[in-house]
**Student:** 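Just passing along the structure, written as structure tokens.
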Amino acid sequence: MMTGAMGVLTQDILVTSILMGLIGLVGLIGNCLMLRALIRYHKLRTEFYIVFGGLSIADCLFLVISVPAHIIDMLEATEVNSLFWCRGSTYVSNACSFITAYLLVALAILRSILLTNRNITSQPRSVHLLVVTLVTYGLALIASIPIMQIYTFNDGFCQVDSTRDIISDAWLVHSFAAFIPILLVAFTYIMTYLMGKRYFSDSYSRREKEKSRLVTSIVIVFTVCQLPYRIFSIYENYLLESFVDEDEMIRMYTIKNYLMCLIMADKAFRPVLYSKLASDLSETFDEVINCTYCSKSYNIVPIGDNYHVCNTETVSTITEQQDCELRESERTASTSSSSSATSQTPLVHKSKDPIVVDVEIS
């Protein structure tokens, strides 16, 4: 039988349950679109996007496990709960939190290399970032094993073992899941700023500015969404050591559930940032969202450096040919550099009719 916190199904529990469900659905769709782009287009498997793919996998796992676990806990659905689910959901949720946090550190370091390395040394390759991502997954999965022992299953509820030092465990988990990674990212940004003072802002290419802006936005959203819950959770553990009446416990429980919605929203915000701040990823997202892939007048294909949109067979004069080549060079210049994924996966509008250029000959 499903009731709610303290045996009462309140409006706050219904609202937070619906919010978590919606956030989980949006987050899963967005992160699946990111993974689809990496699987479908080989040219998009650059160093930054390999890390984004690792983030998307961790976010999907977190939402698939964490959303049902919290809804079951809020509704007190004891008949579907078990010791295996209690410890297993805690293990996966914490492991995914660690993975996300330290992949953001990797992104901050990659951004620093992008902005400060002026071809003095070789840039990291995609395979290097793939290895970093796999190592991060492995270490996070191993480090999360002891956290399972913190929780026990009692009377149908997943509870923290009363014999453990709850405050120390909370500090340990939240520090490695948020506080330490945020400090590492902040340190990396400060060092990048100091090393980058020797360069003029105009010396950065559009691709470098785009990637820097994207990583910075991801870090800001992560910090804003994570810190409130982490800080409040530690504060709650300190309060629970003293006597707290039932009304105060319900109030803290409600606040904590809303803050958990904010943590889940971080997983849903990231795909939005991918689609809005990365020009090449926005095209792959549009294939599904705006159904440009289904449209007969559009054809999304990975295109190499040597391609032509103009139909030269229909151009009859030298003037028309020059005008066609001029428009092609302007279009190429408007995209990012040839080393980026943007210029390799453009959205090409193919008209059924040949291009006709009106030329007035004097």
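Here the structure is a predicted model, which is why all the values come from computation and not from measurement.
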**Student:** Does the Lys NZ or Arg CZ of Lys256 fall within the cation-pi geometry relative to Phe232 - under 6.0 Å from the ring centre and within 45° of the axis?
**Tutor:** no

**Student:** Under the side chain to side chain contact (heavy atoms under 4.5 Å, CB included) rule, what do Leu114 and Leu110 come out as? Steps first, then yes or no, please.
**Tutor:** CA-CA 6 Å; Leu114 179 70; Leu110 191 59; 5.9 Å; no

**Student:** Apply the side chain to side chain contact (heavy atoms under 4.5 Å, CB included) test between Met74 and each candidate in Thr10, Ile13, Asp12; give the one that qualifies.
**Tutor:** Ile13

**Student:** Treating Glu208 as the side-chain partner and Ser205 as the backbone partner, does any N or O pair qualify as donor plus acceptor under 3.5 Å?
**Tutor:** yes

**Student:** Under 3.5 Å, is there a donor on one side chain and an acceptor on the other for Ser212 and Arg111?
**Tutor:** yes

**Student:** Within a strict 4.5 Å, meaning less than it, do heavy atoms of the Phe187 and Thr192 side chains meet?
**Tutor:** no

**Student:** Please list, chain by chain and in numerical order, all residues satisfying ring pair (Phe, Tyr, Trp, His ring centres under 6.0 Å) with Tyr274, sequence neighbours excluded.
**Tutor:** Phe52

**Student:** Find the distance between OG (Ser66) and CG (Leu61) and round it off to the nearest 0.5 Å.
**Tutor:** 11.5 Å

**Student:** Is it true that Asp280 and Tyr41 share a donor-acceptor pair across their side chains at a distance under 3.5 Å?
**Tutor:** no

**Student:** Kindly indicate, with the supporting measurements, whether the criterion side chain to side chain contact (heavy atoms under 4.5 Å, CB included) is fulfilled by His128 and Glu47.
**Tutor:** CA-CA 8 Å; His128 298 153; Glu47 59 277 7; over 6 Å; no

**Student:** Taking His174 for its side chain and Trp171 for its backbone only, find out whether a donor-acceptor pair lies under 3.5 Å.
**Tutor:** no

**Student:** Donor-acceptor pairs are to be reported for all side-chain atoms of residues 137-148 against protein atoms at under 3.5 Å, with residues two or more places apart or in another chain.
**Tutor:**
residue : atom : partner : partner atom : Å
Tyr137  : OH   : Gly54   : O            : 2.6
Tyr137  : OH   : Ala58   : N            : 3.1
Ser144  : OG   : Ala95   : N            : 3.3
Ser144  : OG   : Ala140  : O            : 2.8

**Student:** Heavy atoms, side chains only, cut-off 4.5 Å: are Thr100 and Phe222 in contact?
**Tutor:** yes

**Student:** Could you tell me if Asn257 and Thr16 have a donor-acceptor pair between their side chains, going purely by distance under 3.5 Å?
**Tutor:** no

**Student:** Which distance, rounded to the nearest 0.5 Å, do you find between the CD1 of Ile263 and the CD of Gln226?
**Tutor:** 4.5 Å

**Student:** Using a distance-only test with no angle check, is there a side-chain donor-acceptor pair under 3.5 angstrom linking Tyr253 and Asp73?
**Tutor:** yes

**Student:** A side-chain contact here means heavy atoms from C-beta on lying under 4.5 Å apart; do Cys261 and Ile23 qualify?
**Tutor:** yes

**Student:** How far does CD1 of Ile182 sit from CZ of Arg230, to the nearest 0.5 angstrom?
**Tutor:** 9.0 Å

**Student:** Through direct or indirect side-chain contacts below 4.5 angstrom among Ile, Leu, Val, Met, Phe, Trp and Tyr, which residues connect to Tyr193?
**Tutor:** Ile190, Leu194

**Student:** For the atom pair CG (Leu55) and OG1 (Thr133), what is the distance rounded to the nearest 0.5 Å?
**Tutor:** 8.0 Å

**Student:** Would you say the side-chain atoms of Ser282 pair up with the backbone N or O of Ser279, donor to acceptor, closer than 3.5 Å?
**Tutor:** yes

**Student:** Quick check for you: to the nearest 0.5 Å, what is the distance between Tyr238 atom OH and Ser233 atom OG?
**Tutor:** 11.5 Å

**Student:** Please check if the side chain of Asn237 supplies one atom and the backbone of Ala170 the other of a donor-acceptor pair under 3.5 Å.
**Tutor:** no

**Student:** Just how far is it from atom CG of Leu129 to atom CG of Leu134, taken to the nearest 0.5 Å?
**Tutor:** 11.0 Å

**Student:** Counting only N and O atoms by type, is there a donor-acceptor contact under 3.5 Å from the side chain of Ser175 to the main-chain atoms of Leu172?
**Tutor:** no

**Student:** So Pro271 and Met34, do their side chains get closer than 4.5 Å, heavy atoms only?
**Tutor:** no

**Student:** Would you sort out whether Ile50 and Arg45 count as a side chain to side chain contact (heavy atoms under 4.5 Å, CB included), showing the intermediate values?
**Tutor:** CA-CA 6 Å; Ile50 290 294; Arg45 298 170 195 171; 4.1 Å; yes

**Student:** When you check the gap from the basic side-chain N to the acidic O, do Arg251 and Glu248 get nearer than 4.0 Å?
**Tutor:** yes

**Student:** Check whether any side-chain heavy atom of Leu281 sits under 4.5 Å from a side-chain heavy atom of Ser275, and report yes or no.
**Tutor:** no

**Student:** Any side-chain heavy atom of Phe269 sitting closer than 4.5 Å to one from Ile218?
**Tutor:** no

**Student:** Taking CZ in Phe176 as the centre, count heavy atoms belonging to other residues, nucleotides or ligands within less than 6.0 Å. Is the count above 12?
**Tutor:** no

